[in-house]
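Please read the structure below before turning to the comments.
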Amino acid sequence: MTERRSFKWPALLTSTGRGIAFGGDYNPDQWPDEVIDEDIRLMRQAHVNTVALAIFSWDKIEPREGEFTFDWLDMVIGKLGAAGIAVDLASATASAPIWLYAKHPEVLPVDRYGHTVNAGSRQSWRPTSPVFKEYALRLCRKLAEHYKDNPTVTAWHMGNEYGWNNRYDYSDNALKAFRRWCENRYGTIEALNEAWGTAFWSQHVNDFGEVQLPRHMGGDAMVNPAQQLDYERFGNDMLLDFYKAERDAIEEICPGKPFTTNFMVSTDQCTMDYAQWANEIDFVSNDHYFHEGESHLDELACSDALMDSLALGKPWYVMEHSTSAVQWKPLNTRKRHGELVRDSLAHVAMGADAINFFQWRQSAFGAEAFHSAMVPHAGADSKVFRGVCELGGILETLSEAGLQGTELEHADTAILFSAESEWATRSQTLPSMKLNHWHDVRDWYRGLLDVGRRADVVPLAYDWSGYRTIVLPTVIALSAEDVRRIADFAHAGGTVIIGYATGLIDERFHIGLGGYPGAGDGLLRTMLGIRSEEFNILGPEAEGEPVEIRLSNGLTTRLWQNDVTSVAPDTHIIATYQGPAAADWELDGTPAVTSHPYGTGTGIYVGCDLDRHDIAQLIGLLPAFGGEPSGKTDSETDGDATHAPDPRVLHTVRRSPDGVIRFDFYINRATQPVELKDIAGEPVLAHRCENGPDLGGYTLARNAVLVTRRVE
Ligand code: GLA
Ligand code: GLA
């Protein structure tokens, strides 16, 4: 594994340099200069102490090729600094100027059909273009030289959401780079032929010069899934290399300041392999956009759980979220009932020490004019801006209570996430095209919350050996080494829960033979004490067939069942398929969920998909969580012996690194008020809470957040 850069947190311009960072993307480029003083007045009113600046300002800084002018940016930074507002300065390369595209159309990406992408939006450049790189790095160096000693610039914000529009490029630059990448990965052409299984459909290549990108191959022609998976890795690596080149160009001139780039992790976005990216930045930052509907808070916590693991438990930064609606979904719901403040505090509860929005002032024109902001179209006399001001005050209160720098307490269960499995499940060559690794992670996360338990979400590649239980939902690709680590964990006493589509392939998209799941040359099956032979795939498309199957314990499966044909003598069957639909599919009485002792631990197999409610019910039955059937006892490990887990609240603990001071966060997950009793600690914040009749009793209204502090 790559060595990680050391953790470095951006300073504020406060007397101590400390405090929870609060602000947002600031785009004064869109406004006449007169607005800036008004902006700063409102920022101070809202307790804003930091902004991300110049993200899309390349054409302001270099209006014509080679003509660099910093007057405007100097003026903006000068005013911000004088007001005590720190600047997270962008490398400004996310959106290149039109003159660059006009002069060098060869930097524009090419889509899989061979069409060149047009200029005029953003990230319209090839990560592998040497021409674009030259221009981008020159801009980075100019910025670094100009601002290296500027005390207002306290962090570097590299690019913006690398990969958002240029994740997939099929240009000739990409082809050349892909061939080099393949040579580095495989060394010999024989190794590549083996890995890609080129014996299939006459795909043998004689040397790296014959290797192709998985461009459109006509009709509905299917791409070799191993080639496609490598292309996903390659795209990730090229953007990461580009980020590193930009970072290094600035760091050579301006060493010592912290670098970040904003990740994109929320329900339907997990674009890059951030387990790798997190090694190359100094502090982890994320752009999180909420999911409309009842999963809103849970999904936020699930995404944040991955952030906290990427940050190795250190505080992390919300670089962007929204005060209310976005404008880029088919349906853009707004926030209400205090969700503006609640979402921000939920991020803090999950370990964030910086709360920022896209963007400060809502645009009056352009593609994002209907995206909410801190100062909305209605102006400062608005519910949204009052919410922003209230939030700024709350964050200051939390800072003063000493919250900044405390760390999120870990759960005892880790749900494992793998970007490679996420990419692999998108392949159109699998038994079902409805697989979604990240959604299954979220469903397990929510199922656990529904029984009052919080899990961590940890990258497969990281160290999860300290947990008691690991869950692998649809981690479809497992290498032999991954399987060995998992089996060792169980052998040493851990509990492993393997989902229905986990371990079907290895990292080369090869299927292990002898029965499913085949990863690890049979070791996964041995650990689980099961062997399955076929997949039973359901769906309304199969008209006239049963569309769901019941389990003996009352649960229901709707997508995928593994046909388990043999179990080891010591495998305990927790549930079987039952009823007429099971009989119709020839699964009647066969094992659906099993548990198997392995070493001093346990391998649990959940051989079918379950929705979040059924996962919650199942968790109640599993030995790892105190249910039947093993002799293992399950002590309460949420760190709070006085409280039984309460599914109506999201409860997290942040502790000072020396463990002495703890902050407890209680957030109402329900739409109805929740009463909590016997809450220990001094209240630091009781947002939308009322004191209950008892000492330590509180009533938490919808979206309420209670924070208490105690010294232990
Ligand atoms: C067609 C092709 C075969 C194979 C099958 C799969 O019939 O001729 O090569 O791809 O489809 O169903
Ligand atoms: C992303 C981008 C921002 C903005 C927001 C809108 O996060 O980084 O520039 O486009 O989306 O939600």
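For this chain, numbers begin at 1 and follow the sequence in order. For ligands, and for the atoms within them, numbers begin at 1 and follow the listed sequence.
Other residues, nucleotides and ligands contribute at most 12 non-hydrogen atoms within 6.0 Å of the NZ atom of Lys383.
The side-chain heavy atoms of Phe7 and Pro315, taken from C-beta on, include a pair separated by under 4.5 Å.
Taking a heavy-atom cut-off of under 4.0 Å, ligand 2 is surrounded by Phe56, Arg122, Asn160, Glu161, Asp287, Tyr289, Glu320, Trp328, Phe358, Glu368, His371.
Ring-plane geometry between His347 and Trp316 is classed as perpendicular, the angle between the planes exceeding 60 degrees on a 0 to 90 degree scale with a lower cut at 30. In this structure, Phe263 and Tyr274 have parallel ring planes: the angle between them is below the 30° cut-off, well short of the 60° mark. Using bins of under 30°, 30° to 60° and over 60° for the plane-to-plane angle, the ring pair Phe357/His321 lands in the parallel bin.
Applying the salt bridge (charged side-chain N to carboxylate O under 4.0 Å, His left out) test to every pair with at least one member in residues 215-229, sequence neighbours left out, gives these pairs: Asp172-Arg215.
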